Amino acid sequence: MGSGPLARSVLASLLGLSLAGLPAAGFAQSTQENTSAGKRWEEEFSFWQKASSGNDLTQYERYLKQYPTGTFASMARLRIAELQAAAKTKDAQAATDDAAAKANAEDTAAAEKAKAAEEARKAEDARKADEARKAAEAEKAKADEAARKAAEAKKAADEAARLKAEAEAKKAEEEAAARKLAEEKAAAAEKAKAEAAAAEKARAEEAARLKAEAEKKEAAARKLAEEQAAEAERLKAQAQAAADKAKAEEAARLKAEADRRKAEEAAAAEKARAEQEATARREAEAKRLEAEKAAAAEKARIEQEAAAARKLADEKAAEVERLKAEAAKAAADAEAKAAEAARLAKEAEKRAQEAAAARKQAEGGAAAANAGKAEAAGGQNGDIAARKVEDARREEETFQKAVLDGSEKAFRDYIAAYPNGRFLADARERLAALSKAKRPETDTATMDTERKAVEQPVVDPREAYMDRSLRAQAQRWLSALGYNTYGADGVFGPRTRAAISAWQGASGYRASGYLTRQQYRVLREAAQYAEARQTRQRRYQRQREYDVLEGPVDGYYDGPYYRDDGYYNRRGGVVIIPGY
């Protein structure tokens, strides 16, 4: 753009020289042509001003089309190249930063190339102008006079045109420089805008990705929370069901325990009443015996029974206290148990009162017996009768111990101690039955020797207190009560578990198949009572002296009463059957 004024000056000089070099003979025609050339020049100059006042590419192209060899043709071509380069640069910058840089480089290279070409063309024009000038100077020498006037006439117009052209060129150069600076600033702004848009797009994509990941994590956490909540609800329902089941079982167990204790206490009270009646009978019997020591022995027995009654009452009172504590604990666990515990506590207090009344009655009966025994003192055969009574008591105790032990050794020891005892036949029968039952067990044990040698029983925590001998004894007791375990080897198999469950269900316990300590004691008491009852039944059936009554008759017990197991020895009395 800086070479524009120079080019225009050179062109104006060439035009002037061409005008000055015309032959003198054609001066008039030359003057007319100069006038037409000046008019064309003014039209061309006016058109160029209009085209160069803006950045419209079509105006420059129209100028070149109308004046392909005009004064400002080179400037128009250069301007067209610059506008095309600027358009290409703008399009490339709008695409990408790399493309913009490449387009800028290409545009710059194109501009430099165009500029170099223009400079080369200008140099060529200058060279041609110089040659033309020299030729014109040669021709000028021939027509100085004619040209001088025309030159003087044209000089003012040329000078004005030159000055105007220079001003226009300078203005165009300044405008071009300003436009270029504005275009560069606009390109920089576009580039910055594109970079900002790309950064914003990257940030938006990153934010969208993070948001999607956060939503995915939130959905996973929500799903996990829902699954955990469902699992918690399920566990809570299971725990509630287990708690309800345990409460129901505990309530059933407490009710059964209370009913059983109530029955025992009623039997104890009835026994105390029967003991009072027996005391009266023993008073009359003591008068007939006329034996001081026999009366003393009878007194000692009655005192022992009274002490046993007192001990039973104390045990019942302690049991009442324990039941009170259990009821208080159950009341703290659930309100539903509180009412039941209060009811049990009241019943226990009532039973304690009844037991205390029974103990007082027993003590009163013992005092009355002491008075009767004092009246019977002085008999001459007391020592002999007392010794017989004591021997009979010891023999009966030995036999009862053998029955409770249930082993062959215990019955053999009884036979050795009492070869002519009252229970000799019963002991031999039991011994034969044990020997007969032992043979199939021995055969079974022989068949399973290898299995039992390596198989150890699985011990449940509820039965950790039991060793093998206690387990075998429990099996014998279950079989004696009618729950056959098919052997007593001390190993609780499926048959033994089934027998335990059947006994538990019949006794008011939950049928778990495992014996707790308390259930083991209850089983022992039941088996002992069953054994004693069978012994009495066999003895009385042989002797045919008494009838055994299995319960109260019209509210009273009647029949023989032995000393230690509830029956009197050969002298009549009442029947006391525990559990009724």
Side-chain angles (χ1 to χ4, degrees), residues 1-19 36-94 100 102-133 158 160-187:
M1 294 298 291
S3 61
L6 178 61
R8 288 193 294 271
S9 176
V10 172
L11 291 173
S13 299
L14 290 175
L15 181 61
L17 289 175
S18 62
L19 292 174
S36 299
K39 185 176 182 180
R40 286 194 303 272
W41 162 257
E42 290 177 357
E43 291 175 356
E44 180 185 356
F45 185 78
S46 176
F47 194 95
W48 170 253
Q49 284 184 329
K50 183 179 180 181
S52 62
S53 63
N55 295 325
D56 191 1
L57 183 63
T58 58
Q59 294 293 332
Y60 290 102
E61 289 175 349
R62 288 174 59 192
Y63 173 81
L64 288 175
K65 184 177 180 181
Q66 187 171 355
Y67 302 99
T69 59
T71 306
F72 309 102
S74 60
M75 295 179 64
R77 292 187 184 95
L78 181 60
R79 184 60 180 159
I80 289 171
E82 289 177 352
L83 290 174
Q84 289 176 350
K88 291 180 181 180
T89 303
K90 185 176 181 180
D91 295 335
Q93 287 177 350
K102 184 176 179 181
N104 288 331
E106 290 176 356
D107 293 340
T108 304
E112 292 293 332
K113 184 177 180 181
K115 186 176 180 180
E118 182 66 19
E119 289 177 353
R121 189 185 64 76
K122 289 179 180 180
E124 182 66 21
D125 292 341
R127 185 183 63 79
K128 290 180 179 180
D130 187 60
E131 291 177 354
R133 183 181 59 77
D158 291 339
R162 186 182 64 80
L163 292 175
K164 185 177 182 180
E166 287 178 355
E168 292 293 335
K170 186 176 181 180
K171 181 179 179 181
E173 287 176 357
E174 291 175 354
E175 290 176 354
R179 283 194 299 271
K180 186 176 181 180
L181 180 61
E183 289 171 357
E184 289 176 353
K185 289 183 179 179

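Side-chain atoms are counted along with the backbone in the values below, which use heavy atoms only and exclude waters and symmetry mates. Note that the structure is predicted; figures quoted are calculated from it, not measured.
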(message) I want to check something: taking the side chain as every heavy atom from C-beta on, are L64 and E61 in contact at a cut-off of under 4.5 Å?
(response) no
(message) As an exercise, state the distance from CD of E82 to OH of Y60, rounded to the nearest 0.5 Å.
(response) 8.5 Å
(message) Under a 3.5 Å distance rule, please check whether S53 uses its side chain to pair with a backbone N or O of K50 as donor and acceptor.
(response) yes
(message) Would you call the rings of F45 and F72 parallel, tilted or perpendicular, taking 30° and 60° as the class edges?
(response) tilted
(message) Could you work out, with side chain to side chain donor-acceptor pair (under 3.5 Å) as the rule, every residue matching D56, not counting sequence neighbours?
(response) T58
(message) Taking E173 first and then K170, would you say they form a salt bridge - that is, a charged N and a carboxylate O separated by under 4.0 Å?
(response) no
(message) Going by salt bridge (charged side-chain N to carboxylate O under 4.0 Å, His left out), name the residues that satisfy it together with E124, two or more places apart in sequence or in a different chain.
(response) R127
(message) Strictly below 4.0 Å, N to O, side chains only: are E168 and K164 in salt-bridge contact?
(response) no
(request) Answer yes or no: is there a donor N or O on one side and an acceptor on the other, between the side chain of E118 and the main chain of L78, under 3.5 Å? (result) no
(request) Working to the nearest 0.5 Å, report the span between CD of E175 and OG of S52. (result) 7.5 Å
(request) Please examine the side chains of Y67 and R40, heavy atoms only from C-beta on, and report whether any two atoms are closer than 4.5 Å. (result) no
(request) Return the minimal non-hydrogen interatomic distance between F47 and Q59, and the atom names on each side. (result) CE2-O, 4.1 Å
(request) Please examine the side chains of R79 and M75, heavy atoms only from C-beta on, and report whether any two atoms are closer than 4.5 Å. (result) no
